[in-house]
Structures are given as structure tokens and as C-alpha cells.
Amino acid sequence: MCTPAAGRGRVRLNVGGRVFETTTATLASAGRDTMLGAMLDASWNASHDDAACGGGGSAAAEYFIDRDPACFAVLLDLLRTGGLHVPRGVPEATLYREALYYGLLDRVRAARLGDFDGDRLRLAASVPGCAPGDGTAVRAAPDGGCCVAHGGAVRVYNWMLEERRPVYYPGHAPVNDAAYLDAATLLVAARERPGRLGDDGGVAAFSALTGGLRHRFRVAHDRQPRSFTAGALTFDDGGCSFFASCKGRFNEYGIGVWDANTGEQADFFYEPPGCALGDADRLQWLDGTGTLMVATMFPRTDSSFISLLDFRDKSVVWSWSDVGTPASLEDKHAVHAVVMEDGRSVCVINQYDDLGFLDLRSSAGGVRWRSRSKLATSGKTKALVSEEVCYPKLATYGGQLFASTGDTVSVFSGPDHVLTSTLRGGQGGAICDFSIGGDRLFALHSEENVFDVWETPPPAII
Amino acid sequence: MMNGGGGGGQKKRAPRIEPFRHRVETDPKFFDKSWRKLHDAIREIYNHNASGLSFEELYRTAYNMVLNKFAPQLYEKLTENMKEHLEDMRTCIDAAQGGLFLEELQRKWNDHNKALTMIRDILMYMDRTYIPTNKKTPVFDHGLELWRDTIVRSPTIQGRLSDTLLELIHSERTGEVINRGLMRTTTKMLMDLGLSVYQDDFERPFLEVSASFYSGESQQFIECCACGEYLKQAERRLSEESERVSQYLDVKTHEKITAVVVNEMLANHMQRLILMENSGLVNMLVEDRYEDLTRMYTLFNHVPDGLTTIRSVMASHIKDTGKSLVTDPERLKDPVDFVQRLLNMKDKYDNIINVSFSNDKSFLNALNSSFEHFINLNNRSPEFISLFVDDKLRKGVKEANEEDLETVLDKVMMLFRYLQEKDLFEKYYKQHLAKRLLSGRAASDDSERSMLVKLKTECGYQFTSKLEGMFTDLKTSEDTTQGFYASTSSELLADAPTISVQILTTGSWPTQTCNTCNLPPEIVSVSEKFRAYYLGTHNGRRLTWQTNMGHADIKATFGNGSKHELNVSTYQMCVLMLFNSSDVLTYREIEQSTAIPAADLKRCLQSLALVKGKQVLRKEPMSRDIADDDSFFVNDKFTSKLFKVKIGTVAAQKETDPEKLETRQRVEEDRKPQIEAAIVRIMKSRRVLDHNSIMMEVTKQLQPRFMPNPVVIKKRIESLIEREFLERDKTDRKMYRYLA
């Protein structure tokens with residue numbers, strides 16, 4: 001006779017020699033599409049009891065799994081509690097490998113990355129890079145991975161921060177910007193180099209998993225396909241189409257629009273006189289109004305220029321420029337801009353780390369610089385500004401405003417944007433770019449190619 | 001060859017002698033060994049013999065293969081192996097005969113599905129790692145693709161499968177009972193294989209076959225069925241197909257099959273069905289077949305242009321019947337009946353549209369425009385409608401209560417709305433109202449006023465101001481009469497007849513050529529006193545007596561001693577009073593002494609002498625027509641059961657032809673200033689305008705009252721040019737310029 005004593009729903013697992021006892025419900029919570037779920041499924045246990053009794057003669061159903069018990073203990077704990085606790089002896093890489101074996105990697109990721117909160121970030125890792133030159137941009141992937149663009153390559157990391165095959169733009173054209181269409185697809189904007197054949201630069205989609213080229217996006221002017229330099233990239237709210245600032249060889253400057261699904265060019269906003277669109281180094285889509293913010297900032301151009309474009313009637317609905325102020329390095333120039341999440345104002349920052357705001361509801365009026373906006377670190381870093389050209393950058397996320405200044409990322413909260421946290425990583429010097437996504441903040445340092453990964457740990461239970 | 005089981009590697013290698021060597025880091029046989037293990041397991045799975053298999057072991061084996069980068073080979077081998085199993089299954093399915101074919105197919109499909117799930121379980125690690133990075137089809141979907149290519153689309157099965165399905169559906173359509181469960185699982189299989197498989201391998205042929213089936217059936221039905229029958233059949237077929245879809249087809253097919261049935265059974269025969277003789281739409285309308293009409297409406301709602309066709313057929317039918325009604329000379333004899341028939345007809349179609357055509361706005365519009373069309377075909381419609389209202393509002397005619405009266409009046413207003421010549425109606429209404437008011441026959445002040453309010457809301461203040469003036473006149477007249485009697489001493493009036501004077505403002509009332517007759521002296525004296533009183537209290541007024549509109553109550557004592565009170569008109573009173581002083585009078589004598597216009601006098605004599613039971617006078621000779629020399633006596637033998645006798649006037653309610661002509665002329669005359677006013681109003685604001693625009697604007701402005709005739713407008717423009725209100729542009733003769 002077998003199993004009456006074992007009780008309903010009890011399972012014994014012998015993992016690499018260590019016996020675990022748990023319930024079928026716990027294991028089934030992993031899902032039918034995991035190894036444990038399949039193992040317990042009826043189709044594999046048609047007459048299991050007989051087999052188990054006949055074979056081992058033990059009282060309870062026992063499964064043998066030829067894997068490492070220490071990692072299994074962590075994963076079983078995850079299935080039981082939903083929390084991930086990794087003891088000192090278990091290397092993360094091993095745990096991830098085991099999780100992949102059981103099909104639990106997604107669960108581990110979800111447990112690992114808590115909901116993003118700018119004020120509770122902890123430095124989780126500093127990943128050294130091996131790029132020869134300075135990094136251009138770091139971009140967070142929706143699943144917690146990231147990519148670092150520098151020179152002619154984009155280095156891609158999965159959420160476990162393992163490096164995948166890098167992405168090379170065809171012809172190793174220098175990369176200007178990158179953006180994740182989804183966790184598996186990366187868009188890359190590249191610069192056209194003089195003296196090359198027509199097929200250089202532009203925008204292309206790559207597989208983030210394999211680094212393989214998926215599609216090249218073309219621009220046609222008067223039905224003639226033309227090569228171009230692509231600057232900044234951004235998506236509209238649905239992710240159906242994306243925008244890129246474009247500079248063609250024959251003065252075809254403007255903003256190109258492509259359908260992300262078909263890969264075809266959907267529209268082109270030609271640069272009107274007095275607007276610098278093709279050189280833009282930042283694009284941002286405004287959900288509420290269906291407009292696109294285009295910012296072309298000092299020092300790329302002599303003066304900064306910000307505008308809102310409405311593609312439906314091809315009009316510039318709002319614009320601001322600091323043209324006319326004398327252009328020398330000592331003067332205050334807005335060097336980066338971001339539209340606030342309420343869509344009512346644009347936040348700008350100058351090379352002395354002062355924050356300023358522009359009202360989007362009126363076209364008159366200049367930047368309202370914040371009087372007490374000296375950031376915590378500005379006094380020290382000011383001297384460095386001249387030698388080290390890492391201009392500050394801005395981002396918004398979850399109602400908070402983030403600004404990179406020197407080697408620090410500052411977090412501002414609330415309607416009045418009060419400084420609430422400062423994030424300072426280990427080494428690597430000034431931060432040249434940062435990006436938030438997939439519940440992580442990535443900060444790329446200008447020296448040594450290190451990028452820091454900041455995560456939100458799970459909150460205290462009580 | 002010997003075929004060893006999973007563990008028999010040693011034995012198999014025995015024939016080949018190999019030098020013994022130490023295991024190198026990777027076993028060169030690693031892949032073959034591992035695959036053999038999986039291969040055997042898959043075989044057992046397909047043989048329903050999976051109980052002896054260890055999932056963990058198989059999973060680990062597959063994992064190791066992927067880990068050692070054998071995933072591409074593994075995928076390839078798996079494809080090959082599944083194909084082999086599917087080939088075997090196909091042989092079994094091919095062998096199944098007749099009705100067992102679908103069952104066998106179903107059984108194998110279930111087997112394959114079950115096996116596929118287990119194979120996917122084993123290869124789960126490959127699905128997670130190798131598949132997404134290499135853009136391969138996941139194992140489960142790959143298995144479905146193989147099933148599709150090897151079984152469903154194999155040359156032996158593809159045609160047979162769709163034929164079998166279509167045959168079963170055909171037999172169900174012809175009334176047989178089929179195994180719906182099997183149908184459902186089979187179509188479900190096709191859907192699981194992807195929408196394109198379902199559409200290409202089943203849905204398209206299904207729709208084609210259905211189209212030809214229904215085309216044939218509809219041809220057959222239409223030859224022998226009445227429209228109603230046919231529609232019932234179509235409805236039944238549609239609901240059958242809906243049920244079929246819900247039972248065993250994909251939801252998306254519903255729309256398509258419905259379109260096929262609608263197209264074959266309805267759209268292709270639409271004209272014929274709607275116009276079908278003896279049973280088509282017209283017959284349904286005539287016979288009030290609500291159910292059939294509802295069916296027709298709902299069915300043809302699916303057909304493009306279906307409702308438009310129904311609507312236009314209905315409209316032309318209404319126009320035809322309406323036209324024959326309004327132009328039927330029989331109907332012209334009885335205006336009240338005429339309008340009642342119109343109302344009944346309106347009610348009938350209102351009901352039909354409400355009940356059967358779901359109160360469709362466009363149908364209501366069609367109904368309205370049809371009515372508007374035919375009502376105006378008869379230019380006496382305004383008069384008749386006014387007569388109808390008169391009939392309803394006259395005292396004592398109907399015992400109907402106020403509420404009923406209200407609804408009738410509301411309905412009449414509907415008809416009124418259709419009239420183009422609203423001013424003509426106003427004219428008649430005024431006349432009839434005047435008669436009602438003056439003869440004191442208005443049934444109820446409330447009803448009269450409510451009718452006025454209706455007209456006012458319909459046509460505005462201007463339209464009813466004069467009518468309201470009539471009511472005010474009556475009220476003030478009453479006061480004046482009272483004032484007269486109060487102010488005049490009773491001695492002065494002793495023995496004189498009591499008079500009640502109604503003072504009518506000129507202009508508010510229908511003007512009638514006034515032929516003042518010679519009143520009897522008794523009346524003259526009292527009326528002169530009243531005139532003196534009235535002119536004394538009101539300055540600058542003029543009084544004329546409208547003797548043709550009054551009435552009188554006189555007491556008469558006949559030769560036989562009977563006493564009666566006679567209710568007569570003023571004219572009749574004048575005649576009767578003559579007999580106070582003489583016994584016999586000839587027509588000529590009467591005419592001379594009363595000076596009543598001949599036509600009126602003849603009519604009033606006829607009513608006094610020739611109406612049976614009310615012969616107050618005797619006539620010699622006793623003929624109908626009255627000649628100059630005919631003589632009249634007081635009928636001494638006059639008897640009546642009643643004390644009060646009402647002597648009517650032989651008066652045509654309806655206008656006689658000359659009267660009609662006169663009214664029309666008057667209306668035409670009245671229109672002239674209105675048209676001119678409109679032209680001037682328009683030109684004053686526009687200053688310069690071309691001919692066509694003037695025509696358009698004038699028509700637009702006057703439409704609520706009447707449809708101005710373009711010729712008349714043109715004449716009015718010319719007249720205005722003559723009178724120098726306008727001038728023609730010197731360069732462009734078509735332009736007019738306003739002069740002020």
C-alpha cells in the first residue's frame with residue numbers, strides 16, 4: 001500500500017541529495033509552463049503512484065531532481081513567500097542559471113527588482129565597461145537590462161547585467177542615440193560620415209538578444225530615398241511610431257516619423273526657417289496634447305532652441321529660444337530639457353546646474369530660474385566644468401525630477417521640486433548620461449566606462 | 001537491425017570493434033545517446049505509454065543537449081521524428097471509412113495534442129532559450145504546423161475533410177440530424193491551427209457552397225411562395241445559420257454567412273419580393289399585416305438599399321392612394337368625411353411605422369412628404385380641413401369629451417402642417433369661426449382657444465392675431481350691450497324687442513359685402529337707440545349693420561292657436577314680421593319691402609316654407625323653386641312637438657363654385673401685398689440681388705404660409721419697379737437694385 005500517510009498534496013523532492021518536502025500547491029504556483037509545474041502535471045503522473053511504490057517503496061511520492069540543492073532552497077523559498085533572499089554562499093550567477101533551468105527566471109526578476117522609487121534607491125552594481133572611448137548614452141530596457149552606446153558599438157546587457165552580443169550599426173557608423181522598442185528590439189540612430197557611400201548612418205532596428213540587424217528605416221524626400229544622420233530618438237505614447245531628428249546631405253533637416261510595426265516612413269516634418277529641428281539632441285512625446293517636444297541645446301548649437309510640434313497640421317505650436325544672448329561659455333545656457341509629467345512646463349538646466357522652468361501654456365516669458373537652485377555639489381564641481389565636458393542631464397519618472405550633476409544624480413520631489421535624495425556612485429568621475437526604466441536607474445560615468453545600477457529594495461514589511 | 005531500448009547502447013556497439021579509450025571531455029556519442037532517449041520517450045508518449053517515463057530525466061537530457069549547443073540538431077531531429085509519427089497517423093485516418101473518418105481524425109488530433117503538450121514540457125528549456133534568440137517556432141506551435149502540413153493539408157485528407165464537413169452541413173440544412181459535437185471539435189481543430197487554416201480550408205468553400213445552395217433554394221421558393229411566406233422562410237434560414245455558427249463555427253463566420261444568405265435570398269430578389277403582386281409590400285400595407293411588415297423591415301435592413309426601396313415603394317403607394325382619395329369627386333361631397341378619411345389614413349400609416357418599422361425616422365419623413373404631396377393636389381383641402389374643425393367645434397354636434405376633441409384637433413394640426421396654402425386655410429377658418437361665434441354655436445370656449453393656441457404655435461402670432469381679435473370683440477360686445485341697457489331707461493325701451501349687438505372690428509372678421517336690409521320698424525327704433533348710445537360713448541366710430549349674420553328669437557301665435565318660439569335668422573325675422581300686417585304676400589312684395597338680396601331671400605323663404613316639419617309659411621304653388629309671383633301665407637296648421645322651433649337656413653356649408661372662385665381671388669389679392677412686403681424686406685437688406693436669388697428668398701420666406709407662384713412674384717417685382725421701389729441694373733438686366 002502506498003501514500004495514505006503522506007497526506008493529500010504533499011510532495012517530497014530529492015534535489016541533489018537533499019530532501020525537500022512541500023505541497024503541490026506551492027509548486028503549482030510556479031505555473032504550468034515551468035519545469036516544476038510540468039513535472040507535477042497529470043499527464044506525467046498518469047500512474048505515478050504505482051511507479052513510485054513499485055520503484056522505491058517509500059511512503060510519499062518522491063521526485064528526484066539532479067540539481068544544486070542550495071539554489072533550489074532559495075527558489076522554493078521564493079515560491080513559498082514571493083520574496084527573494086539569497087544567502088551569502090550562493091552566487092547570483094548560479095542562482096540565475098538554476099532559475100532558468102526551472103523556468104523561474106521571470107519570477108526571480110520580479111522579486112529582485114522592486115517598484116521604482118527615486119528616494120529609496122540603492123547602488124546594486126557598478127559594471128565596468130571595456131569601451132575604448134567615452135560612452136555616448138546609456139538606455140534602460142523595459143525588462144531591467146540596459147545598453148551603452150559608444151562610438152561605433154552599442155553594448156547590450158540583460159537584466160542580470162550579463163553582456164549580450166553587442167550591436168554594430170552597419171559600417172560601424174558612430175551611434176548617436178539608442179532606444180528600446182521593446183525588451184527584445186533596440187533602435188539605434190547613427191551618424192552619417194562624410195565621404196562614405198550613400199548607405200551610411202540613419203536608424204535601424206536590432207535584436208537586443210542576438211545583436212542581429214532586423215530592419216533599416218529609410219527616409220525619402222520627393223520619393224527619392226536619401227541617406228541621413230539620425231540624432232535623437234523617441235516614441236509616441238502607444239509605441240506605434242517613433243521619431244528621429246534627421247539631417248540629410250542636401251539640407252533636408254527635420255523630424256522623421258516611422259511606423260514601428262511596418263517599418264515604413266510615416267511622415268516628415270521639414271525644419272521651418274528659424275527652427276533647429278534636424279540637430280535636435282532631445283525629443284519627447286507629450287501624451288496629453290499629442291505634440292512632440294524638440295530640443296536643440298547648447299553646446300551643439302550656439303544657442304538653445306526648444307519647440308513643440310503638432311504633426312497633425314504640421315505646425316510649431318510653441319517655441320522658445322535664447323538666441324540673442326551673447327554666446328560664450330561663461331554665460332548661462334540651457335544645456336538639457338525635459339517636459340514635466342503634467343505636460344505644462346519644460347524643465348531646463350544650465351551648465352552651472354541651475355534648474356529653470358518654461359511655461360508651455362504661454363509663448364511669452366523666458367526661463368524662470370530657481371533662485372535657490374544651487375545643488376548640493378555645485379560648489380565643488382564648478383571648477384571642474386571647464387576641463388570636463390559633462391553637461392548636466394534631466395529626466396522625469398513617477399512624479400520625480402532627476403538631474404545629473406557632476407558625479408551625482410539629484411532627485412527632486414513634490415510640486416516645488418525639493419531636493420530629496422542624492423545618488424553618488426563609486427568611481428568613474430562625472431556622469432555623462434543616465435536613464436530610468438525597468439525599475440532601475442542606470443548612470444554612465446565619463447571615465448573608465450563604468451555604469452552604476454541603482455535599484456529599489458523591497459520595502460520593510462513592518 | 002536490432003532495435004534496442006533506451007539503455008542498450010553497449011549491445012548495439014558490439015559488432016564494431018573500437019579501441020578502448022578514456023572519456024574525453026565531450027562524449028562524441030553524447031548527442032546520439034541523448035536523442036535516442038528522447039526519441040524513445042516520444043514514441044512511448046505517442047503510444048499512450050508514458051507512465052514509465054521520468055519527466056525529470058527527460059527534461060535534464062534535453063537541457064544538457066541545449067547546454068552543449070545541440071539545440072539546432074535537436075530541433076531538426078524532433079521535426080523529423082514528429083513527422084514520422086504524423087505520417088503513421090495519416091495512414092490510419094486514410095484507412096477510416098465513411099462516417100468514421102471524422103471520428104478517427106478527431107481521435108488522432110487529440111492524441112497529437114496530448115503528445116505535443118508532453119513533448120513541449122520536455123523541451124521547455126529549449127523553448128525558453130534557443131527558440132527566441134534564433135527566431136524559431138516554439139515546439140508546440142511547430143507541432144501544430146506539422147499537423148497542418150502533414151495531415152490537414154495532405155492531398156488525401158484536405159479535400160475529403162472539407163467535403164465531409166460541407167456534406168454534413170448540407171444534410172443538416174435539408175433537415176437531417178448530424179453529430180454537432182463532432183462538427184464542433186473538427187472546426188475547433190481548424191481554428192487551433194490558425195485562422196488562415198480555418199478560413200482557407202473550410203470557411204471559403206463553406207461560403208461558396210452556401211451561396212449556391214441558397215441561390216437555388218430562393219429560386220425555387222420565389223416561384224411558388226407569396227412574399228410573406230418567402231420572408232418567413234428567409235428569416236428561418238437566417239436564424240438557422242446563426243445557430244449553426246454558435247453551435248460549431250467560428251464567431252467571425254457569422255457576419256459572412258449572414259451576408260451570403262441575405263445576398264442570395266433577399267438582395268438578389270429584392271425588387272421582385274417587394275413589388276410582388278397580391279402579396280408584396282403594397283398588399284401588406286393595405287391589409288395592415290404588421291407581422292409581415294416587421295419581418296420585411298428587419299430582413300431588408302441587412303440589404304444595402306433595402307430600406308430605401310421599401311420606403312420609396314411605401315411613399316409612392318401612399319401618394320397614389322392619397323391622390324385617388326383627394327381627387328375622387330364622390331369624396332368632395334362630404335368635407336368632414338374627406339378629412340376623416342385623411343386622418344384615418346394617417347393613423348394607419350403612423351401605426352404601421354410605429355409597430356413594424358421601429359418608428360424609423362426616415363420612414364416618418366417619407367410619410368410626411370407623401371402626405372404633403374397629395375394633400376396639396378386638391379386645392380380645396382384647406383377649406384375642408386377648416387370645415388372639419390368647424391364640425392368638431394360646433395355646439396351639440398358631438399357628444400365627444402374634451403380630451404377626445406383635443407386628440408382630434410392635434411391630428412388635424414398634422415394635416416394642417418402639410419398644407420402649402422396656409423393662408424387659404426386661415427381665410428376659411430376665420431369665416432367658419434365667425435359663423436360659429438356669431439350664431440352662438442361654438443361648443444366650448446376652451447376648445448376654440450386651444451385650437452387657436454395650436455395654430456399660434458404652428459404659425460406664429462401674426463397668423464392668429466385677427467382670430468384672437470374676434471374673441472375680444474365678442475367679449476366687449478357683451479359688455480356694451482349690458483351698458484346700453486343699463487344706461488337707457490326702461491320706459492324708452494318698453495315693448496321693444498331685446499337686442500344683443502355684436503360689434504365686430506372691421507378687418508378682424510371676414511368681410512362680406514353688406515347688403516343692409518330693411519329691418520322691421522320695431523327693430524329699427526331700438527337699433528337706432530343703440531347706435532346713438534354707442535357713438536355717444538365711442539368717438540369717431542362708424543356702425544354698419546350686418547343683417548346677414550344675425551339671428552332672432554320670435555314668438556309666434558298661429559291660427560290654430562298654437563304658440564311657438566321660433567329661432568330664425570335676421571332675414572327670416574324680417575320676412576316673418578311682414579306677416580304681422582298682411583296675410584298673403586308675393587315674393588316680389590316681400591323682396592321690395594325687405595330689400596334682402598335675391599339669393600339670400602330665396603334661401604330663407606325656402607327654409608321657412610319648404611323644410612318638412614318646419615313649414616311656418618305656406619307657398620302657392622307648392623314647388624321647390626321660387627318665382628316672382630309665388631305667394632306666401634302663414635301656415636295656420638303649423639304644429640310642432642317642441643315649443644322652441646329652430647328654423648335652419650338652407651345654406652350650403654361647403655362653398656359653391658362662384659363663392660370658391662371669389663375666395664380664391666380674395667386670397668390671391670391678399671397675397672400680393674405679402675409678396676411685395678417680402679421682396680422689399682429682402683431688397684432692403686441686400687441692396688442688390690439677382691433675379692433667381694430673389695425668387696429663392698421670397699419663396700423661402702413665404703413658404704410657411706403659402707407657396708408663392710413664380711409668375712406672381714415676377715409681376716410683383718415689375719410692379720415695384722414701376723412704383724420705383726426697385727430698379728434694374730443698367731448693365732446686367734438680371735440684377736435688381738433697391739431704391740430708397
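Just so it is clear: chains get the letters A, B, ... in the order the sequence lines come, proteins before strands, and each one is counted from 1. Every value quoted in this text rests on a predicted model; they were computed, and no experiment measured them. Side chains are part of it too, since the values below use all heavy atoms of this structure and drop only hydrogens, waters and symmetry mates.
Summarising the local packing, CD of B:Glu76 is surrounded by 12 or fewer heavy atoms from other residues, nucleotides or ligands at distances under 6.0 Å. More than 12 heavy-atom neighbours from other residues, nucleotides or ligands sit within 6.0 angstrom of NZ on B:Lys256.
Within the model, atoms CG of A:Asp66 and CG of B:Asn64 stand 8.5 Å from one another, a figure rounded to the nearest 0.5 Å. A distance of 7.0 Å separates CZ in B:Arg128 from OG1 in A:Thr34, rounded to the nearest 0.5 Å.
Only the side chain of A:Thr210 comes within contact range of chain B, with heavy atoms under 4.5 Å apart. With a 4.5 Å cut-off on non-hydrogen atoms, B:Ile45 touches chain A through its side chain but not through its backbone. There is no contact between A:Arg165 and chain B, counting heavy-atom distances below 4.5 Å. For B:Ser54, no part lies under 4.5 angstrom from a heavy atom of chain A. Only the side chain of B:Met124 comes within contact range of chain A, with heavy atoms under 4.5 Å apart. Contacts between B:Arg60 and chain A at a heavy-atom distance below 4.5 Å involve backbone atoms as well as side-chain atoms. B:Lys114 does not touch chain A: none of its heavy atoms, backbone or side chain, sits under 4.5 Å away. Contacts of A:Leu100 with chain B are made by both backbone and side-chain atoms, with heavy-atom separations under 4.5 Å.
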Step-by-step side chain to side chain contact (heavy atoms under 4.5 Å, CB included) determination, A:Trp44 to B:Leu58: CA-CA 11 Å; A:Trp44 288 102; B:Leu58 294 169; 4.0 Å; yes
From CA spacing to verdict: side chain to side chain donor-acceptor pair (under 3.5 Å), B:Tyr63, A:Arg67: CA-CA 12 Å; B:Tyr63 171 81; A:Arg67 300 301 295 185; 3.1 Å; yes
Test log, rule ring-ring contact (aromatic ring centres under 6.0 Å, His included), inputs A:Tyr101 and B:Tyr59: CA-CA 9 Å; A:Tyr101 177 84; B:Tyr59 184 88; 5.0 Å; yes
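In this structure, the side chains of B:Phe55 and A:Ile65 stay at 4.5 Å or more apart for every pair of heavy atoms.
Using modelled atom types, no side-chain atom of B:Glu56 and backbone atom of A:Met39 make a donor-acceptor pair closer than 3.5 Å.
A:Arg32 has a carboxylate O that lies under 4.0 Å from a charged side-chain N of B:Asp121, or vice versa, which qualifies the two as a salt bridge.
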